[in-house]
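Encoded as structure tokens, the structure appears first; notes follow it.
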Number of protein chains: 2
Amino acid sequence: MRVTFRRPDPRDPGRPVYVISVAASIVSVHPRTLRIYEDAGLVCPARTPTNIRLYSENDIRRVMWIRHLTQNLGVNLAGVRILFELEERLGTRILERLYDEGVRDAETAAAASADANPEPSASSA
Amino acid sequence: MRVTFRRPDPRDPGRPVYVISVAASIVSVHPRTLRIYEDAGLVCPARTPTNIRLYSENDIRRVMWIRHLTQNLGVNLAGVRILFELEERLGTRILERLYDEGVRDAETAAAASADANPEPSASSA
DNA sequence: CATACTTGACAACGGCATTGTCAAGTTTCT
DNA sequence: AGAAACTTGACAATGCCGTTGTCAAGTATG
């Protein structure tokens with residue numbers, strides 16, 4: 001059974017298009033939680049001139065990683081921040097090492113195909 | 001003021017020599033806490049033929065990293081485990097990137113000299 | 001032989017993560 | 001025009017986590 005975080009790519013994954021309620025719905029979290037992630041510095045959605053948050057596909061993927069790390073692996077938000085910082089410093093997608101090699105469970109192993117990878121992106125932070 | 005985790009090196013940092021009360025005293029934690037770290041798979045001290053734990057210098061350093069990550073950076077134990085696993089997979093001391101570059105605070109910046117680095121070691125796990 | 005080790009277990013307490021809700025004001029969309 | 005959704009800051013409930021503390025019973029050590 002194939003598990004994937006990937007959603008069909010829009011034209012430009014960096015383009016901010018989703019307001020907070022839509023982004024929350026896409027990743028199945030409460031809008032309040034997305035605000036907390038932003039307060040924690042884990043995701044930085046764009047803002048319109050009237051200060052409305054707009055999330056891009058990259059932001060969505062980043063939140064999906066946060067959810068994977070916190071819900072499935074039990075990492076707290078401080079730990080997620082450190083992991084993201086390491087990834088930025090090393091300039092590589094080190095978190096994929098956790099996902100690609102299916103260390104956690106059979107489900108993540110099943111998701112090892114190329115299009116199954118969630119992609120935390122430093123560029124949105 | 002210079003801050004360092006490094007203690008004077010014994011002859012062989014891999015040699016298990018400290019019983020749990022001594023190791024706990026060295027790193028200023030409760031022996032109960034060291035047992036919890038072991039249960040969490042974060043550190044694996046050697047055992048004597050009569051099942052007494054013996055910690056090596058490498059184990060001590062590893063615990064010092066755990067303490068730094070949990071106490072100073074707020075990472076929980078699941079997060080520490082993921083960081084250690086990444087380090088093993090990448091085959092490099094990625095956590096030093098956090099420490100060497102003093103991203104956290106002035107104290108860690110002050111400790112940036114070569115002999116100030118704590119060294120998490122995958123070899124003790 | 002006192003002390004320290006082992007195991008498994010329960011508990012207190014402060015902190016964390018998520019969700020929920022509120023008020024007041026602004027913006028958006030129908 | 002007005003309902004709905006957005007913003008901010010704030011407080012709270014609840015379950016979980018991390019650390020320490022303690023216990024019992026048995027074994028090992030100095």
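So you know, we letter chains A, B, ... as the sequences are listed, proteins then strands, and number each from 1. Source: prediction; values computed, not measured.
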[X] vs [Y] side-chain heavy atoms within contact, under 4.5 Å:
| X | Y | value |
| --- | --- | --- |
| A/R47 | A/I52 | no |
| A/P13 | A/N58 | yes |
| B/E57 | B/V17 | no |

List every contact pair, protein side and nucleotides 14-16 of chain C side both N or O, where the distance is under 3.5 Å.
none

Atom pair distance, as rounded to whole Å: [atom1] in [X] and [atom2] in [N]:
| X | N | atom1 | atom2 | answer |
| --- | --- | --- | --- | --- |
| A/I20 | C/dC29 | CD1 | P | 16 Å |
| B/E38 | C/dC5 | CD | P | 14 Å |
| A/R67 | C/dT18 | CZ | C1' | 8 Å |
| A/N51 | C/dT26 | CG | C1' | 10 Å |
| B/R47 | C/dT6 | CZ | P | 6 Å |
| B/Y55 | C/dC5 | OH | C1' | 12 Å |

5' priority, DNA chain C, between B/D39 and B/S21 [closest heavy atom] =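 Its nearest nucleotide being more 5', the pick is B/S21.
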If we ignore hydrogens and angles and just use 3.5 Å, is the side chain of [X] paired with the main-chain N or O of [Y] as donor and acceptor?
| X | Y | value |
| --- | --- | --- |
| A/T33 | A/V29 | no |
| B/D59 | B/P45 | no |
| B/S25 | B/S21 | no |

cation_pi(B/R81, B/Y37) dist<6.0 Å, angle<=45 =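 Output no; distance or angle outside limits.
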Under the 6.0 Å and 45° cation-pi test, does A/R62 pair with A/F84?
->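 Yes, cation above the ring, under 6.0 Å and within 45°.
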Identify the heavy atoms of [X] and [Y] that sit nearest to each other, and give their distance.
| X | Y | answer |
| --- | --- | --- |
| B/A78 | A/G74 | CB-O, 3.2 Å |
| B/Y18 | B/A23 | CB-N, 4.1 Å |
| A/V75 | A/V80 | CG1-N, 3.6 Å |

What nucleic acid atoms does A/T48 come within less than 4.0 Å of, heavy atoms only: base, sugar-phosphate, or nothing?
->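 If one applies the 4.0 Å heavy-atom cut-off, A/T48 turns out to touch nothing in the nucleic acid.
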How would you give the extent of chain B contacts on DNA chain D, as first and last nucleotide 5' to 3' within a 4.0 Å heavy-atom cut-off?
->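 Nucleotide range with atoms under 4.0 Å of chain B: D/dG18 to D/dT29.
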Give me the residues of residues 29-37 of chain B where at least one heavy atom lies under 4.0 Å from an atom of DNA chain D, by number, or none.
->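 By residue number: B/H30, B/R32, B/T33, B/I36, B/Y37.
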